[in-house]
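See below for the structure under consideration.
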Amino acid sequence: MHTSPSGTSATPTIDLNSDLGESFGAWTIGNDSAVLDLVTSANIACGFHAGDPLVMIRTCDLAQKRGVRIGAHVGYRDLAGFGRRNMDYHPDDLRAETIYQIGALQAAARSVGAQVTYVKPHGALYNRIAHDKTQAMAVIEGILATDPTLKLMGLAGSPILDWASAEGLSTLAEAFADRAYNADGTLVSRSQPGAVHHDPDVVAGQAIAFATGAPITSIDGQELVVQADSLCVHGDNPEAISLSRRIIEQLGHVGVAVQVQP
């Protein structure tokens, strides 16, 4: 969360992002248009875990028309597994595939007069590089080689944010309103019961905690404080639209506005 400079009365703010552009060919995932009416940042799939060239261009266009910030949602080359299967990579391959995916989305964005401003890794890659320095550095080097002004969005409290900062990248710390947490600040594996929250009250309550610095309760009952610049609601969550609306409404009740963070 960002607050106003000393001496001003500006409203505290936090970013709200969603993973979008994940439809592929004849298959439609989520309701991107409706979600884009609510979020302030869009993590757009780059064709490796989901998405295709036409979906990428159309999603960039929708985001641009709504003034939503665009991020490259890079992932493992794993369409069949939706990028959620852990994979071992040679660092050179992962670096090259990071460059490839960012470049593809940059071209799609430029074609509709938009711009990519950050990178958010997806799924298994996101969770792996939060703590695996070898893969993390491959992704960081790929970003730097493509455009060092791009920001890296990563798991709040994880080492990758420090590794990226040490290499000169700006970072955005992210928390997940609709995911359960382990006591160490990592996300509960989707293979475990209760890993994804569907109750709007639970999701909104967790979002408020992240935005105000209050503790959440981890899956094993321990208190955990997560400091975040951006909140995520997954676009493939069937309740994404209702959850996003509830988050925005409840944040407003505690005096926090949803808007893009600097």
Before you tell me yes or no, could you show the steps for Tyr181 and Ile219 under side chain to side chain contact (heavy atoms under 4.5 Å, CB included), namely the whole-Å CA-CA distance, both residues' side-chain angles and the distance that decides it to 0.1 Å?
CA-CA 6 Å; Tyr181 278 75; Ile219 199 163; over 6 Å; no
Output yes when [X] and [Y] qualify as a salt bridge under the 4.0 Å nitrogen-oxygen rule, no when they do not.
X     : Y      : result
Asp88 : Arg128 : yes
Asp19 : Lys120 : yes
Arg69 : Asp15  : yes

Specify the closest pair of heavy atoms between [X] and [Y], including all atoms of both residues, with the distance to one decimal.
X      : Y      : result
Pro121 : Val139 : CG-CG1, 4.4 Å
Cys60  : Ala114 : O-CB, 4.5 Å
Pro12  : Gly255 : CD-O, 3.3 Å
Thr40  : Gln259 : CG2-CA, 3.6 Å
His197 : Leu243 : O-CD1, 4.3 Å
Ser218 : Asn182 : CB-C, 3.8 Å

Could you tell me whether the side chain of [Y] reaches within less than 4.5 Å of the side chain of [X], counting heavy atoms only?
X      : Y      : value
Lys65  : Asp61  : yes
Arg77  : Asp93  : no
Gln106 : Asp147 : yes
Val74  : Tyr100 : no
Thr186 : Asn127 : no
Thr117 : Ile70  : no
Met153 : Asn17  : yes
Val256 : Thr13  : no

Please say yes or no: joined through hydrophobic side-chain contacts below 4.5 Å, possibly via intermediate residues, are [X] and [Y] part of one cluster?
X      : Y      : answer
Met137 : Leu94  : yes
Leu105 : Ile143 : yes
Ile99  : Tyr126 : no
Ile14  : Leu224 : yes
Leu20  : Val116 : no

Does the side chain of [X] pick up a donor-acceptor pair with the side chain of [Y] at under 3.5 Å?
X      : Y     : value
Glu22  : His49 : yes
Gln135 : Tyr76 : yes
Ser23  : Arg58 : no

Rounded to the nearest 0.5 Å, what's the gap from [atom1] on [X] to [atom2] on [Y]? Could you check?
X      : Y      : atom1 : atom2 : value
Leu36  : Ser244 : CG    : OG    : 10.0 Å
Ile247 : Ile208 : CD1   : CD1   : 9.5 Å
Ser41  : Leu172 : OG    : CG    : 7.5 Å
Ser230 : Tyr118 : OG    : OH    : 7.0 Å
Glu97  : Asp92  : CD    : CG    : 11.5 Å
Leu62  : Gln64  : CG    : CD    : 11.0 Å

Under 3.5 Å, is there a donor-acceptor pair between the side chain of [X] and the main chain of [Y]?
X      : Y      : value
Arg179 : Val188 : yes
His122 : Phe82  : yes
Gln115 : Ala109 : no
Ser111 : Ala108 : yes
Asn86  : Ala124 : no
Arg85  : Asp78  : no

Could you walk me through whether Arg245 and Leu38 satisfy the side chain to side chain contact (heavy atoms under 4.5 Å, CB included) test, starting with their C-alpha distance in whole Å, then the side-chain angles of each, then the deciding distance to 0.1 Å, before giving a yes or no?
CA-CA 7 Å; Arg245 286 175 176 154; Leu38 300 169; 3.7 Å; yes
Within the supplied structure, the quantity of interest is the number of heavy atoms (other residues, nucleotides, ligands) at a distance under 6.0 Å from Tyr89 OH; does it exceed 12?
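More than 12 within 6.0 Å, yes.
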Any chance CD of Glu223 has more than 12 other-residue heavy atoms, nucleotides or ligands included, within less than 6.0 Å?
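Not more than 12 within 6.0 Å, no.
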Using the side chain to side chain contact (heavy atoms under 4.5 Å, CB included) rule, take Thr146 and Ile102 through it: C-alpha gap first, then chi angles, then the decisive distance, then the call.
CA-CA 7 Å; Thr146 308; Ile102 297 171; 3.6 Å; yes
List the steps and the verdict of side chain to side chain contact (heavy atoms under 4.5 Å, CB included) for Leu152 and Ile160.
CA-CA 9 Å; Leu152 173 66; Ile160 190 174; 3.9 Å; yes
